[in-house]
Trainee: 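Please read through the structure below; I'll follow up with questions.
Chain letters run A, B, ... following the sequence lines, proteins first and then strands; every chain starts at 1.
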Protein chains: 2
Amino acid sequence: MPMSATPRRRPTIKEVARVAGVSHQTVSRYLRFSGGLKESTRARVDAAIRELDYRPNLIARSMRTRRTGRLAILLPGMSSFSPDRMLAGAVATARAEGFVVEVLSVDGGPGARAERTRELADSGQVEGVLSLAPLVSDAGQEPNASAPVVVSADLDDDMRGIGGLADGSVVADLVEGLAGAGHRRFLHVSGSLGFASARERKQTYLTTVERLGLESYGVVDGDWSAESGREAVRSLPEDGGVTAVIAANDVVAAGVVRGALERGWSVPGDLSVTGWDNHPVGAYLSPALTTVDVDRERLGADAMRRLVAAVRGTVPEVSDAPLNRIIWRESTGPGPERA
Amino acid sequence: MPMSATPRRRPTIKEVARVAGVSHQTVSRYLRFSGGLKESTRARVDAAIRELDYRPNLIARSMRTRRTGRLAILLPGMSSFSPDRMLAGAVATARAEGFVVEVLSVDGGPGARAERTRELADSGQVEGVLSLAPLVSDAGQEPNASAPVVVSADLDDDMRGIGGLADGSVVADLVEGLAGAGHRRFLHVSGSLGFASARERKQTYLTTVERLGLESYGVVDGDWSAESGREAVRSLPEDGGVTAVIAANDVVAAGVVRGALERGWSVPGDLSVTGWDNHPVGAYLSPALTTVDVDRERLGADAMRRLVAAVRGTVPEVSDAPLNRIIWRESTGPGPERA
DNA sequence: AGAGAAAAAGTGAACGTTCACTATTTGTGG
DNA sequence: CCACAAATAGTGAACGTTCACTTTTTCTCT
């Protein structure tokens, strides 16, 4: 029970000024941009700050400048989708740009999130909001001069982002790769269609199958869960001829594999399966999962960069390094035409 | 490019007062605790607030009260351990208690994190810090009257928390269950020993094996990774007699299973394997993973409750509901004595 | 109905910074 | 060496609340 001795107040700018023998305004100048100070005074202020272990009261500063230097990140409350890597990337970027990040997870659907976002955006508490989960698009933006809102490119409806394009092209590569291996009849198990990335992948799957003159047994609209993958395989007819499944992510793919094994089908002997995300365990499953490695950290960082740019009224730097990369592993093999 | 029309300032307490025909202090009173106001004035203030769409400037409030209402949560920067569920639980609890949470992920080891924590704790920016990753224990606390710091009970060194106890007892149950099924020779693959939970499990494993008169082939100190599990199995001699492996978590367990299969051992035929965490894919692996279901959300919530109590100087409510629950699945089976 | 207490409402300062000025010092060209 | 500009430093107000008081109103009891 260390009853801390002196409840000493933190030193203020004025005390620093007194110690340094200058005016408080000079200290303030020193703090903001140490230009325009004579070297001698600069040194005196510096010494005083050091001596008193002074650190500026950022709240008082915020109050005066009316800038909070804070951004909010919205997390989906409870879903199987947990954006941990993205979060880390986004947080790191924000910090690097000099912002403090406040994270809050909101339970409930896109509606609840949109509501909360709106509330946040014009609360004056934060300068911008980044949502890592889909919102219901509230058509017209706020009438209030509210803070900018960015929905992660991975999930966003406006497909300008790199995320969108890259996403699509990789599904196409996946299908082409399998077709090249002799597969003709496909199944896609999608993620929750509330996610733009899920819609995008589904769409690209359909058009690619069409474009290459292949057949799609269909698309099962899932929810990113393993169970949805298992169910999808269960619903397949015994001799439907499907030999390849494009699953929305690795978790779904694991479910697909399980479902196949339960029916006595071998993977990849009878059925090839692809996942998405390069989940840490994917390589250690049997069979090891073919997947798409996604730089989620960078995805989060990019989204945050977009937000920061919006806040500052500048144009975001677009990164062009490839974001996705297919990793072929054991869960995919030659199709019937090569067998 | 909607060049937002009026850059209208937010209304202040004084404007509300003017509209309501009362003093600013009356409005302030209304805002903080609407007690002590005559019903008629209460209504007038209420109407004025509504009319102006007034919302209090929390920064100004913070400045005056010297309370920020903010807590920080520290996440490990980049590790295989991502505390997403815990984060959600902690954030939700903090919000429910009226705090705003600021999350930051810190790269680097426990040293870097401890440094950053210290910095945060006496930055005056937050009223408390919750770390979801181990810190180097800085022996004596800060000399400054800094904000309280709580390291999650799951990870903390002081084992007072519920987390510690529950953890241990469940490892014992695991070993006992396997012993009851006829297993005699065990292997433990631990998590990073920087984590108190990893040390705790290891310790309980050792004492339980001892207590029941079983044999431990040894403990492999891992790092929560699948590869560490795979390596552990590889290092086993062909006829060492190990028939059961207690893995630090499901990811490690997946690696163990993989390693076993690669050696031509069947799971659970030749080797029983247990994981930890009830990872979403665990039930869909083949074999489905025996694991320990951990209410990580509540773990996070409990840790946050501890922090809030520390900040307020009150005693935290201890929850007593069981936190962990073994789920026996296919990856464990009878040992040699029953075969 | 009036005194006194309790309840309700008001007043001005303070929190620690930065902003918008004004004052002083330093430097420069003729 | 002086007038003048540029560089540097200083002064007081303002940001929007709450705190610590003081004043006014309302209620209660005799």
Side-chain angles (χ1 to χ4, degrees), chain A residues 7-49 52-70 98 100 122-127, chain B residues 7-49 52-70 98 100 122-127:
Chain A
R8 206 182 52 238
R9 251 190 343 94
R10 296 268 293 274
T12 78
I13 211 181
K14 301 207 175 181
E15 317 197 46
V16 172
R18 197 169 40 70
V19 170
V22 299
S23 79
H24 65 111
Q25 170 64 347
T26 298
V27 179
S28 175
R29 261 194 278 267
Y30 170 92
L31 256 33
R32 284 174 295 154
F33 45 86
S34 22
L37 290 204
K38 226 194 318 192
E39 182 48 34
S40 62
T41 47
R42 228 196 79 78
R44 282 221 307 285
V45 172
D46 194 74
I49 285 179
L52 297 177
D53 186 27
Y54 166 84
R55 267 159 304 164
N57 181 328
L58 299 180
I59 298 197
R61 177 179 290 171
S62 279
M63 160 136 189
R64 185 66 244 235
T65 60
R66 312 177 133 288
R67 301 200 49 241
T68 59
R70 285 165 62 200
V100 161
D122 49 35
S123 72
Q125 287 295 103
V126 297
E127 299 186 35
Chain B
R8 205 183 54 238
R9 251 190 345 93
R10 297 267 293 274
T12 78
I13 211 180
K14 300 207 176 181
E15 317 198 48
V16 172
R18 198 171 39 70
V19 170
V22 299
S23 80
H24 66 112
Q25 170 63 347
T26 298
V27 178
S28 175
R29 261 193 278 264
Y30 170 92
L31 256 33
R32 286 173 295 153
F33 45 86
S34 20
L37 290 204
K38 226 195 316 192
E39 182 48 34
S40 62
T41 48
R42 228 193 79 80
R44 283 220 308 284
V45 172
D46 194 76
I49 285 180
L52 296 178
D53 186 27
Y54 166 84
R55 266 159 306 163
N57 181 327
L58 299 180
I59 299 196
R61 177 178 291 173
S62 280
M63 161 134 188
R64 184 65 245 236
T65 60
R66 311 176 135 289
R67 301 201 50 242
T68 58
R70 285 165 62 200
V100 160
D122 50 33
S123 72
Q125 287 295 104
V126 297
E127 299 185 35

Trainee: Please find the pair of heavy atoms, one from Met63(B) and one from Ile59(A), that lie closest to each other, and give the distance.
Mentor: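 Met63(B) and Ile59(A) have their closest heavy atoms at N-CG2, 3.8 Å.
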Trainee: Starting at CD of Gln125(B) and ending at C1' of dG16(C), how long is that distance when rounded to a whole Å?
Mentor: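 Interatomic distance, CD of Gln125(B) to C1' of dG16(C): 13 Å.
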Trainee: Where each residue is assigned the nucleotide of DNA chain C containing its nearest heavy atom, which of Ala60(B) and Ser40(B) is assigned the position nearer the 5′ end?
Mentor: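 Whichever sits nearer the 5' end wins; that is Ser40(B).
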Trainee: Which residue lies toward the 5' end of DNA chain C, Lys38(A) or Ile13(A), if each is placed at its nearest nucleotide?
Mentor: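 Its nucleotide being nearer the 5' end, the pick is Ile13(A).
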Trainee: Less than 4.0 angstrom between a side-chain N/O of Thr41(B) and OP1 or OP2 of dA9(C), yes or no?
Mentor: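 Looking at the OP1 and OP2 atoms of dA9(C), one of them is under 4.0 Å from a side-chain N or O of Thr41(B).
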Trainee: What's the CE-P distance between Met63(B) and dA14(D), to the nearest Å?
Mentor: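 Distance, rounded to whole Å: 15 Å.
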Trainee: Return the residues of residues 17-28 of chain B meeting this criterion: a heavy atom under 4.0 Å from some atom of DNA chain D. Order them by number, or give none.
Mentor: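 Heavy-atom contacts with DNA chain D come from His24(B), Gln25(B), Ser28(B).
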Trainee: What is the distance from NZ of Lys14(B) to P of dG12(C), rounded to the nearest Å?
Mentor: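 In whole Å, dG12(C) P lies 10 Å from Lys14(B) NZ.
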Trainee: Can you figure out which of dG16(C), dT18(D), dC15(D) approaches the side chain of Thr65(B) most closely?
Mentor: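 Per side-chain heavy atoms of Thr65(B), the pick is dT18(D).
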Trainee: Do Tyr54(A) and Leu31(A) pass the side chain to side chain contact (heavy atoms under 4.5 Å, CB included) test, and can you show the C-alpha distance, the side-chain angles, and the key distance before you say yes or no?
Mentor: CA-CA 11 Å; Tyr54(A) 166 84; Leu31(A) 256 33; 3.5 Å; yes
Trainee: Measure the shortest side-chain to side-chain distance between Val22(B) and Tyr30(B) over non-hydrogen atoms and say whether it is less than 4.5 angstrom.
Mentor: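 The answer is no; the side chains never approach within 4.5 Å.
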Trainee: Taking Ser62(B) for its side chain and Leu58(B) for its backbone only, find out whether a donor-acceptor pair lies under 3.5 Å.
Mentor: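 The answer is yes, because a donor-acceptor pair under 3.5 Å joins these two groups.
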Trainee: List the steps and the verdict of side chain to side chain contact (heavy atoms under 4.5 Å, CB included) for Val27(A) and His24(A).
Mentor: CA-CA 5 Å; Val27(A) 179; His24(A) 65 111; 5.5 Å; no
Trainee: I need the CZ-P distance between Arg67(B) and dG16(C), as an integer number of Å.
Mentor: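 So the CZ-P distance, Arg67(B) to dG16(C), works out to 16 Å.
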Trainee: I need the CZ-P distance between Arg29(B) and dA7(C), as an integer number of Å.
Mentor: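 Answer to the nearest Å: 13 Å.
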Trainee: Please state how far atom CD in Glu15(B) lies from atom P in dA14(D), giving the value in whole angstrom units.
Mentor: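 The distance from CD of Glu15(B) to P of dA14(D) comes to 15 Å, rounded to the nearest Å.
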Trainee: Which heavy atom in Thr68(A) sits nearest to a heavy atom in Glu127(A), and how many Å separate them?
Mentor: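 Thr68(A) and Glu127(A) have their closest heavy atoms at N-OE2, 3.0 Å.
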Trainee: Nearest whole angstrom, please: distance from the P of dT25(D) to the CG of Leu37(B).
Mentor: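 Computing the Leu37(B):CG to dT25(D):P distance gives 17 Å.
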Trainee: With hydrogens left out and only the distance checked, is there a donor-acceptor pair under 3.5 Å joining Arg61(A)'s side chain and the base of dT17(C)?
Mentor: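 For Arg61(A), whose side chain was compared with the base of dT17(C), there is no donor-acceptor pair (under 3.5 Å).
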Trainee: So, is Arg32(A) close to the dC19(C) phosphate, meaning a side-chain N or O under 4.0 Å from OP1 or OP2?
Mentor: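 Answer is yes, contact under 4.0 Å.
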Trainee: Determine: side-chain N/O of Tyr54(A) to OP1/OP2 of dT17(C), distance under 4.0 Å, yes or no.
Mentor: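 So the side chain of Tyr54(A) is within the cut-off, an N or O lying under 4.0 Å from OP1 or OP2 of dT17(C).
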Trainee: Give the rounded distance in Å between these two atoms: CZ of Arg64(A) and C1' of dT18(C).
Mentor: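 Atom CZ in Arg64(A) sits about 5 Å away from atom C1' in dT18(C).
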Trainee: Taking the side chain as everything from C-beta on, heavy atoms only, tell me whether Arg10(A) gets closer than 4.5 Å to Asp53(A).
Mentor: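 No. Closest side-chain heavy atoms not under 4.5 Å.
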